[in-house]
Amino acid sequence: MPPGDIHHVSLSLPASNYLSLVALVLLGTDWIGSIRSEYEHVWSKKFTVTKLMYLCSRYIPLATVIAHYCLVHFLLERGPVPASTCKGWFMFLAVSCSLLQMNLVAILVLRVWALYREDKKVVFAVCTLVVLPFVVSFVLIGRNVVAGDNFNEQCDLHHTPIEAPVLAAVYLMSHMVLWFLIFRKRNYVAPNDKRLLDNVVNTGNISFTVLVANGLMIPICYAMHSVNMILIFIFPMVSISMLSCNMVISMFRVGSAERPSKFLDTGEIVLTSVFAPSFETHELPSPISSEI
């Protein structure tokens, strides 16, 4: 079936405008609600890599969603958009979304490194696995976006790329492995660090759920026979931003409450080394003994 016969499934302009506004309101509401915690744990303390992760997770998507809303509200409403403009905008959103996902992956990998810091093979395997979705994404973009004009007047791709199922499979597999590696360590910690590890496991469960929901955007695009930037970039960016920021802030809170001086001499938490004291001074129980 040619693209022209199935393009009617694409989102209408009012729907795109409304969904862009919804995404902006969700992200803005989350940001406003976290201003106090952000000032307490980020702006009022010494700058670190962990805080850089937070700032990237917060302000890259916020700026991107604002810019996208302006594009939809002011540019699309004036008539058909040139394919070259759509291509440039698609690339901008793809880069922004990739940076945000890399940031989240870095946070999750750092947690795995903390839990498995004596097993370099596990860490190396995880790092290799989480890179694969980005490699597939670059191939997908190169074949379907950079080469040729595949956009309609509303900046939707005419069809869902054939590489999309591969991307979805690799994406879900990599995050399933990350989730499993974190979840299986839920009982491998000293009693005084139980609250901290519970926080890590719970946020790991939430992150996996959110990422699976984002992965469902691909079959939705298949059902629509087109690729809309709001579905594959904007809403995933909103959910990942909210997830990453709340994950880091919650770790700051738990870390400050559990280890105010001995382990965190700067009053903040490093997502990896905070677990080291338990693993160095306590023998990890086997799964059987922990259950007993």
Side-chain angles (χ1 to χ4, degrees), residues 49-50 53-54 57 100-136 166-216 236 239-240 242-259 263-264 269-292:
V49 175
T50 306
M53 290 180 176
Y54 175 88
S57 298
L100 190 61
Q101 291 196 45
M102 288 178 183
N103 195 60
L104 175 60
V105 167
I107 294 173
L108 295 174
V109 169
L110 285 174
R111 292 181 167 199
V112 172
W113 180 85
L115 295 170
Y116 293 84
R117 60 182 306 162
E118 296 182 359
D119 194 340
K120 296 181 179 179
K121 293 181 180 179
V122 172
V123 177
F124 177 78
V126 169
C127 291
T128 303
L129 184 61
V130 296
V131 168
L132 290 179
F134 297 104
V135 174
V136 177
V166 179
L167 174 61
V170 175
Y171 176 84
L172 292 175
M173 179 179 66
S174 62
H175 285 287
M176 184 178 295
V177 170
L178 279 172
W179 167 80
F180 175 74
L181 289 174
I182 294 174
F183 182 76
R184 72 183 295 267
K185 285 287 187 177
R186 63 193 183 279
N187 295 321
Y188 286 65
V189 71
N192 59 310
D193 289 324
K194 188 66 168 62
R195 183 187 173 197
L196 180 60
L197 189 60
D198 285 345
N199 176 275
V200 172
V201 172
N202 290 335
T203 52
N205 294 338
I206 296 172
S207 66
F208 180 67
T209 303
V210 170
L211 293 168
V212 168
N214 289 339
L216 293 177
S239 61
I240 292 175
M242 296 170 65
L243 171 65
S244 300
C245 291
N246 284 281
M247 187 182 300
V248 174
I249 288 294
S250 67
M251 291 293 288
F252 278 134
R253 288 172 176 167
V254 174
S256 298
E258 295 289 330
R259 307 180 186 279
F263 299 97
L264 304 170
I269 186 169
V270 178
L271 293 179
T272 57
S273 60
V274 69
F275 296 102
S278 294
F279 294 155
E280 293 173 356
T281 60
H282 296 83
E283 181 179 356
L284 298 181
S286 65
I288 298 178
S289 61
S290 62
E291 292 176 0
I292 297 176

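Since this is a predicted model, take the numbers as computed values, not measurements.
Between the OG atom of Ser244 and the CG atom of Asn103 there is a distance of 6.0 Å, given to the nearest 0.5 Å. From Tyr54, atom OH reaches atom CG of Asn246 across 7.5 Å, with rounding to the nearest 0.5 Å. Note: Met53 CE to Met247 CE = 11.5 Å, rounded to the nearest 0.5 Å.
Minimum interatomic distance between Arg184 and Leu181 (heavy atoms only, all atoms of both residues): CG-O, 3.5 Å. Listed here is the closest heavy atom pair of Ile240 and Leu100: CG2-CG, 3.7 Å.
More than 12 heavy atoms of other residues, nucleotides or ligands lie within 6.0 Å of CE in Met102, so this atom counts as buried by the packing criterion.
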Enumerate donor-acceptor pairs with a distance under 3.5 Å from any side-chain N or O in residues 205-214 to protein atoms, sequence neighbours excluded.
from	atom 1	to	atom 2	distance (Å)
Asn205	OD1	Trp179	NE1	2.6
Asn205	ND2	Val201	O	3.4
Ser207	OG	Thr203	O	3.3
Ser207	OG	Gly204	O	2.8
Thr209	OG1	Asn205	O	3.0
Asn214	OD1	Ser239	OG	3.1
Asn214	ND2	Ser239	OG	3.1

